[in-house]
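Please read the structure below before turning to the comments.
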Amino acid sequence: MEPKRPTAKSHAHSVLTPAFQAIPNPTNGVKRKRDDRFERTATNASSPPRKPDTAQNLSKSQGNGQLQNGKQDPAHRSTDNSLSKPLNEKRKALLSARKALPIWPHASEIRESLRGVRDVMLLVGETGSGKSTQVPQFLMNETWCQGCIAITQPRRVAAISLARRVAEEMGTPLGSSSPASKVGYSVRFDTSTSPSTRIKFLTEGMLLQEMLRDPWLRQYSAVIVDEVHERSVNVDLVLGFLRGIVTGDKKGRRGAPLKVAVMSATADIEGLFNFFDEGYAAAGKIKSQIFTPGHQADGEDDSESSWSGLSSPEETEGKTKSSSDQTVHIKSTFISTCYIEGRQFPVQIMYLPEPVQDFVETALRTIFQIHYKEPMPGDLLVFLTGQDTVEALEKLVNEYAQTMGPEVPKILTLPLFAALPQSAQQRVFQRAPPKTRKVILATNIAETSVTVPGVRIVVDSGKAKIKQFRNRLGLDSLLVKPISKSAAIQRKGRAGREAAGQCYRLYTEQDYIKLETDTVPEILRCDLSAAVLTMKARGVDDVVGFPFLTKPGREGLEKALLQLLQLGALNEDGKISETGRQISRLPLTPALGRVIVAAADEGMGCLSEVIDIISCLSVENIFPNLNTEDTKEQAEAARQELYRRQGDHLTLLATVQAYAAERSDRKAWAEKYFVSHRAMQNDVRKQLRAQCQQQKLLPATASFDDHNTTTSEARTIKILKCFLRGFASNTARLMPDGSYKTLVGNQTVAIHPSSVLFGKKVEGIMYNEFVFTNRSYARNVSAVQMDWVGEVFVP
DNA sequence: GAGCACTGC
């Protein structure tokens, strides 16, 4: 029984007059606990003590360490001559910044780690160690490095901004801006490389696509896989393929080695080590592990215990401590490991003494405790679960803030979640006005994707919405769950980027101890059909035998194989079909890819329209959510003109067509209809059209000229049947009691309130998504006749 | 009556 959350109104009146008495005194109410990580690091005898004061202090000691070693970065000498003066000046300034990075003194160790037969390096580098920018530069002039170095990132923005930074540091133009450019990047919609590119940042998905074309990655001498701890499905696939290349014979590479560096921010390398070690063993190479604790020990004292001590299960944060105290090396013949300390200021952790029911209410109290107690400056970052809790808390904080006395600094609340328009997201990066504290109310987006400057205090609800695919039901659940320890540590770390910070955990220390160590990897939580198709397209016949870092359950793999078979992406023998190959090259889920292929069979007009619809399904919401009741009503009225009785798919098509027909002022048009102008300027449409042409899904003579602005009834049926070819299993029929029941599994499903068919009753529905939140919802829904469903299975 | 976060030649 969860107590009903108090409304802002009731509090503003009764409890909070005068503002603060209702909120317990922070020193009594919250148990204090020092984060002892810093203390341990500071007593480390082997390196100068690290003080939390300034980055300058840090840079000095580490710069000196480099000088003592008397080594120079060869990357430096070799390119100097070709530089113009201003670039050189800039680079000199950047060089001192590079020398200040914690990773700098490890340059020769890192180079050594990948020489000779050592083809795999596992590197743990905490946030701020500089690993992403420096490791490729350390490696690029090694004798084995004749080709290009690829470095993967989970996100597009990271790939681009890292490339820009490294280009600056090397004093080379970026990407395609000059044929002499040595640093480039490749992400969806934006590839910028030159013939001279030596270091290429790319997204994991991009590297997977390159692997389909060139399974041996012949243009690369090394692949650096960064941010592995985030464990996206794509990174798991990349690692599996890379293991095959490094442990296999090098015939496909004409004997040239491929060096692989795997980098992670958390000390989870035991699993990675075993993963690659098993690969070497399976390939018949000697399985020799020498665990070498301490610095340059000889390997005689190879005790498993020191290694398992590193991964002691009871305390993840303990791992970080012991690893900072002494560099832990584990060596095998082929695999080396390397630990780099980060540059993170200490963060003090506070727990609640008692568990609470309502974290929104508790967050409210905590925010104001902090605001009254802590000196300025120091912005707050609050981690919540979703848009609903962010908006609820925003309202409450704003109400309470009005009751503060004039002597108290002001509060500026800033919501931050993915569905928020870009302009509103940008507000978190602006400096707060004088005498104002920013309070950023964020979802998980702030855990990895967005770094907010100025944050010194984190408030962590300890919860997040987690998506989990359920094979049996064929649906996604999106539920609020406790986060893992590593996520809690990640959130805490957001307070220590610029100065010493604090983290208020809205749960007890006991609760923290009970959290799972790591977040469940995505591959155990998602629909595997796309991953299986990628494997099949790269020639993996036995997907159960694929080298997974974490093996997904058999049920999930079987479900995926079955779905691909139903889509015609696989033949009866389990090998990929021509259709499957076409689908695997499209940047879409297999089901949506199947719709494209079906539409291509129907001819030009149909394909063009299906692409218009799918491009809308692949981007942010075309019809953005609105805050106030007033605008909601206005929007509903304006959008009526675009809505189609057949459902969401034809509504999207009508919207694209109306937008395309508007020749004068499209921005004004979008505003009039409450349609997202940004979402309508859709690169996916362009990309899909180009890919269909490249893949010859159309006769060579056909081209995408601008098509009709209206769609005939016969055409709409054709279009819906194309969608059914991909989504035949996502259908439900109307029951006498007015509910819908799925054809497969006979489960109750409700039409999502965002659908134009919400509240309508039709014979049958077809939908793109089946999600369980508070109940089972079908999203992106169209009306279909039940006899069409049987039809699509006829070849 | 409702929308965690990413990604794709």
Side-chain angles (χ1 to χ4, degrees), chain A residues 152-159 186-191 193 202-214 227 230-238 383-391 416-420 442-450 461 463-468 476-481 483 487 490 519 522 525-526 530-531 533-534 537 583-590 592-593 614-615 618-621 623-627 629 632 636 683-684 687-688 690-695 750-755 757-759 769 771-780:
Chain A
T152 68
Q153 293 294 320
R155 281 169 291 281
R156 296 205 295 249
V157 274
S186 180
V187 303
R188 190 183 193 182
F189 308 129
D190 191 4
T191 289
T193 56
L202 28 60
T203 48
E204 293 151 357
M206 217 58 168
L207 186 68
L208 279 178
Q209 284 298 320
E210 289 193 4
M211 281 179 163
L212 296 189
R213 278 206 314 281
D214 177 13
E227 312 285 3
E230 292 189 26
R231 293 298 303 278
S232 63
V233 175
N234 283 348
V235 96
D236 281 17
L237 292 180
V238 164
F383 282 100
L384 299 161
T385 54
Q387 183 179 345
D388 48 351
T389 48
V390 165
E391 285 173 347
L416 181 63
F417 47 86
L420 204 66
T443 61
N444 247 358
I445 193 171
E447 201 176 294
T448 48
S449 310
V450 176
S461 67
K463 300 226 160 25
K465 278 190 193 171
I466 312 261
K467 199 167 174 175
Q468 167 111 38
D476 275 314
S477 315
L478 189 58
L479 300 173
V480 174
K481 294 246 169 88
I483 59 173
Q490 181 77 21
T519 309
E522 194 190 4
R525 294 188 286 117
C526 74
L533 187 62
T534 302
I583 296 172
S584 75
R585 293 193 197 105
L586 292 166
L588 298 169
T589 62
L592 284 173
I614 288 181
S615 61
S618 310
V619 295
E620 65 189 279
N621 206 346
F623 300 112
N625 311 310
L626 300 154
N627 313 332
E629 287 304 313
K632 267 183 199 171
E636 204 59 24
D683 284 337
V684 181
Q687 187 191 25
L688 289 177
Q691 296 229 327
C692 287
Q693 270 163 341
Q694 271 168 28
Q695 287 204 43
I751 296 174
H752 194 274
S754 65
S755 171
L757 290 184
F758 176 70
E769 281 180 286
V771 189
F772 182 88
T773 51
N774 290 316
R775 56 193 291 209
S776 297
Y777 285 111
R779 281 177 30 187
N780 294 311

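Letters go in sequence order (proteins before strands), and every chain restarts at 1.
Straight-line distance from the CG atom of A:N780 to the C1' atom of B:dA2: 13 Å, rounded to whole Å. At whole-Å resolution of the value, CZ in A:R525 and P in B:dC6 are 14 Å apart. With rounding to whole Å, A:L237 atom CG is found 17 Å from B:dT7 atom P. Between the CG atom of A:D683 and the P atom of B:dC9 there is a distance of 13 Å, given to the nearest Å. Summarising the geometry, the separation between CD on A:E769 and P on B:dA2 is reported as 16 Å, rounded to the nearest angstrom. As rounded to whole Å, 19 Å separates atom C1' of B:dA5 from atom NZ of A:K463. Rounded to whole Å, the distance from CG on A:N625 to C1' on B:dG3 is 6 Å. Protein atom CG of A:N234 is 14 Å distant from nucleotide atom C1' of B:dA5, rounded to whole Å.
For the pair A:Q153 and A:L478, both in contact range of DNA chain B, the more 5′-proximal nearest nucleotide belongs to A:L478. Along DNA chain B, the nucleotide nearest A:G386 and the nucleotide nearest A:L586 are compared for position; the residue whose nucleotide lies closer to the 5' end is A:G386.
Listed candidates were B:dA5, B:dG8, B:dA2. Nearest to the side chain of A:R188 is B:dG8. Counting only heavy atoms from C-beta on, A:P753 has its side chain closest to B:dA2 among B:dA2, B:dC9, B:dA5. Among B:dG1, B:dA5, B:dG8, the nucleotide with an atom closest to any side-chain atom of A:F417 is B:dA5. Taking the side chain of A:R155 as heavy atoms from C-beta on, and the options B:dG3, B:dG1, B:dT7, the nearest nucleotide is B:dT7. Of the candidates B:dC9, B:dA2, B:dC6, the closest approach to any side-chain atom of A:A418 belongs to B:dC6.
Here the options are A:T203, A:L237, A:V235, A:T152, the test is side-chain contact (heavy atoms from CB on, under 4.5 Å), and the partner is A:L208; only A:L237 passes.
Nucleic acid contact for A:I445: sugar-phosphate only, since backbone atoms but no base atoms lie under 4.0 Å from a heavy atom of the residue. Residue A:T448 is out of contact with every strand shown, counting any heavy-atom pair closer than 4.0 Å. Contacts of A:T519 with the nucleic acid, taken as non-hydrogen atoms under 4.0 Å apart, are absent. Using a 4.0 Å heavy-atom cutoff across all strands shown, A:R213 reaches at least one base atom of the nucleic acid. If you check every strand for non-hydrogen atoms under 4.0 Å, A:F189 touches nothing. No engagement by A:E204 is indicated, since no non-hydrogen atom pair under 4.0 Å with the nucleic acid exists. Using a 4.0 Å heavy-atom cutoff across all strands shown, A:S232 reaches no nucleic acid atom at all. A:L588 comes within 4.0 angstrom of a base, heavy atoms only.
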I'd like to know whether A:L588 forms a side-chain contact (heavy atoms from CB on, under 4.5 Å) with A:S618, so could you lay out the CA-CA distance, the side-chain angles of the two residues, the decisive distance to 0.1 Å, and finally the verdict. CA-CA 8 Å; A:L588 298 169; A:S618 310; 3.7 Å; yes
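Note on A:T203: every side-chain N or O is 4.0 Å or more away from OP1 and OP2 of B:dT7. Dashed line: the shortest gap from a side-chain N or O of A:Q687 to OP1 or OP2 of B:dC9 is under 4.0 Å. The side chain of A:T773 places an N or O atom within less than 4.0 Å of a non-bridging phosphate oxygen (OP1 or OP2) of B:dG3. Using a 4.0 Å cut-off, no side-chain N or O of A:R775 falls inside it from OP1 or OP2 of B:dG1. When the side-chain nitrogen and oxygen atoms of A:H752 are compared with OP1 and OP2 of B:dG1, none of them lie within a distance under 4.0 Å.
A:A690 pairs by the side chain to side chain contact (heavy atoms under 4.5 Å, CB included) definition with nothing, not counting sequence neighbours. Residues passing the ring pair (Phe, Tyr, Trp, His ring centres under 6.0 Å) test with A:Y777 are A:H752, sequence neighbours excluded.
Residues A:A158 and A:Q153 share a closest heavy-atom pair of CB-OE1, 3.8 Å.
A donor-acceptor pair under 3.5 Å is formed between the side chain of A:Q490 and the backbone N or O of A:E447. No donor-acceptor pair under 3.5 Å is formed between the side chain of A:R779 and the backbone N or O of A:V771.
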